[in-house]
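These notes are about the structure you will find just below.
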Amino acid sequence: MCAETMPRAASMTFFARSSRPLLAGAALLGLAGCVSSEPPVSELAVPPDWRQGGSPTEALDTESLAAWWSRFRDPVLDQLVAKGLSSNTDLRTAVARIEESRARRGVVKSALLPSLDGSADARTRWNRDSRTGVETSSDSYSAALDAGWEIDWFGKLRKELRASDADLAASAENHRATQVAVAAEIADAYVSLRVAEAQLQVIRRNVATSEETAEMTRWQEQAGEGTAFATQQAQSSLAQARASIPSVEQNIGQAKHRVELLAGVTPGSLNGTLARGRGIPKAPAKLAVGIPADALRNRPDVRAAEQALVAAAFRTRAAELEQLPSLSLGGSVGLEALSAGTVFSPELAAASAVGQLTAPIFNGGRIRETIRVQSAQERQALIAWEASVLGALSEVEDALLAVRKSDERLALLAEAVRSAREVESLARLNFQAGEIDLLDVLVAQRTLLNTEESQAIAEGNRASAHIQLYKALGGGWTP
């Protein structure tokens with residue numbers, strides 16, 4: 001919110017109503033940006049660093065944020081995001097809204113310019129003499145130009161134009177915010193797909209192991225070394241493992257459909273692309289997240305809320321100027337002839353010019369209530385801006401916490417999987433040697449299955465946490 005673009009009343013309203021240092025300082029983001037492209041941190045009352053991590057001494061890596069998905073080094077993900085950014089329906093709608101805002105601005109701007117209207121008229125008059133019964137007719141032709149211009153004496157129209165400028169800027173920021181959301185949603189849906197595929201691989205490995213165990217129990221029963229109960233127990237465990245496959249396959253199909261929907265294509269269009277997967281995307285190295293103020297400057301949704309507040313403030317000022325007089329200038333030139341061919345060599349020409357000064361005296365409180373309406377909308381825009389700032393800070397903190405905790409959980413699960421595999425292998429060897437019961441083997445297999453599934457889910461959660469961090473930092477669009 002530059003001092004040169006935001007009415008003084010609006011900026012003063014914000015600081016008068018904002019008693020919290022966080023919000024009051026955060027408002028300096030826009031104002032300080034008008035004075036310097038890199039306002040000093042001391043002027044910002046936002047937190048100096050992130051509570052959940054991040055280096056306050058490093059600037060935000062905006063270059064890496066612009067195409068953060070490439071840091072996962074997954075060509076399929078790169079193709080999907082590129083497709084989504086060109087074909088997603090929400091993005092196409094956002095582009096249409098920019099065009100609408102630009103056209104609306106043109107309508108408002110036209111009010112600052114004079115208007116010129118032209119008209120032409122042709123008449124035939126019939127007269128009948130009641131005494132003689134003779135009918136006569138006469139023709140006349142005329143042309144006229146009418147001009148009008150409302151002088152923007154006190155700047156009301158210019159305030160409305162600045163509000164339209166802010167609306168257009170907000171539409172552009174909303175388009176960028178949609179880019180951020182679409183890229184993150186596509187990546188998250190893609191991760192969900194790869195997690196489901198990893199789960200399916202784990203289940204199929206477990207099915208293969210269960211088949212071997214069931215076969216082993218049958219041989220032991222046939223050799224008189226086992227029981228029918230053990231054989232049925234192994235068959236039941238095998239059936240349970242197989243029964244979990246359809247639900248996971250359903251998850252895979254639905255995840256594919258979601259990716260295709262976000263990419264703006266019909267179901268099945270990306271089957272070939274998605275078949276070239278490399279497993280769950282690996283989260284990249286740590287990104288320089290900068291200071292909180294960096295994130296607020298980079299997030300399009302915060303910038304859009306800021307522009308909405310600017311527009312509301314200008315409209316409030318324009319409504320207040322309705323109480324002042326207005327000056328209009330007008331003029332006309334008329335030509336009249338008795339034949340169409342001589343209309344521009346007229347027998348009669350007339351011209352007039354007029355200036356009109358009007359001022360509201362009594363309107364039943366309409367102007368006063370309009371000012372109240374606009375003031376209330378300005379307050380709503382202010383609250384929405386405050387909410388966007390608080391939401392942005394909270395989202396980054398949540399994402400940083402999720403990144404750290406997902407790293408910790410994945411490290412613990414990696415050790416758990418190694419232990420579970422050793423236990424399962426030892427259990428099968430001991431069962432073959434007749435040292436333990438089948439139940440111990442089945443428990444070991446079930447533990448391994450659950451632990452490997454948890455590991456796959458944790459890998460996906462770690463990738464999703466990084467995706468949400470990039471989104472929270474405002475990544476996914478190019479300045």
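Throughout, numbering of the chain's residues begins at 1 and tracks the sequence. Please read all numbers here as calculations on a predicted model, not as lab measurements.
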Review point. Got a donor-acceptor contact below 3.5 angstrom from the Ser375 side chain to the Ile371 backbone?
Key: yes

Taken in chain and number order and not counting sequence neighbours, the residues that satisfy side-chain hydrogen bond (donor to acceptor under 3.5 Å, both in side chains) with Arg105 are Asp165

For Asp152, the side-chain hydrogen bond (donor to acceptor under 3.5 Å, both in side chains) test, sequence neighbours excluded, returns Arg158

Here the side chain to side chain donor-acceptor pair (under 3.5 Å) pairs for residues 77-90, sequence neighbours left out, are Gln79-Arg276

For Ser464, the side-chain contact (heavy atoms from CB on, under 4.5 Å) test, sequence neighbours excluded, returns Asp188, Val191

Hits for side-chain hydrogen bond (donor to acceptor under 3.5 Å, both in side chains) against Ser406, two or more places apart or cross-chain, chain-then-number order -> none

The ring-ring contact (aromatic ring centres under 6.0 Å, His included) partners of Trp69 (sequence neighbours excluded) come to none

Residues passing the side-chain hydrogen bond (donor to acceptor under 3.5 Å, both in side chains) test with Asp301, sequence neighbours excluded, are Arg299

Taken in chain and number order and not counting sequence neighbours, the residues that satisfy side-chain contact (heavy atoms from CB on, under 4.5 Å) with Val108 are Glu160, Leu161, Ser164

Donor-acceptor contact present, side-chain Ser388 to main-chain Trp385, <3.5 Å:
yes

Relative to each other, are the rings of Tyr470 and Phe72 parallel, tilted or perpendicular (30° and 60° limits)? perpendicular

With distance as the sole test, does Gln323 use its side chain to make a donor-acceptor pair with the main-chain N or O of Glu320 at under 3.5 Å? yes

- request: Evaluate side-chain contact (heavy atoms from CB on, under 4.5 Å) for Val107 paired with Arg104, printing each intermediate quantity in order.
  value: CA-CA 5 Å; Val107 171; Arg104 288 183 181 278; 5.5 Å; no

Query raised in the report: Would a distance-only check, ignoring hydrogens and angles, find a side-chain to backbone donor-acceptor pair under 3.5 Å from Trp477 to Ala67?
Result: no

Contacts satisfying side chain to side chain donor-acceptor pair (under 3.5 Å) that involve residues 356-370 (not counting sequence neighbours) are Ser326-Thr358, Glu369-Arg372

Taken in chain and number order and not counting sequence neighbours, the residues that satisfy side-chain contact (heavy atoms from CB on, under 4.5 Å) with Pro246 are none

Taken in chain and number order and not counting sequence neighbours, the residues that satisfy side-chain contact (heavy atoms from CB on, under 4.5 Å) with Ala169 are Gln307

Salt bridge (charged side-chain N to carboxylate O under 4.0 Å, His left out) pairs touching residues 450-469, sequence neighbours excluded, are Arg205-Glu452, Lys282-Glu459, Asp407-Arg462, Arg421-Glu452

Query raised in the report: Do the side chain of Arg303 and the main chain of Asn298 share a donor and acceptor less than 3.5 angstrom apart?
Result: no

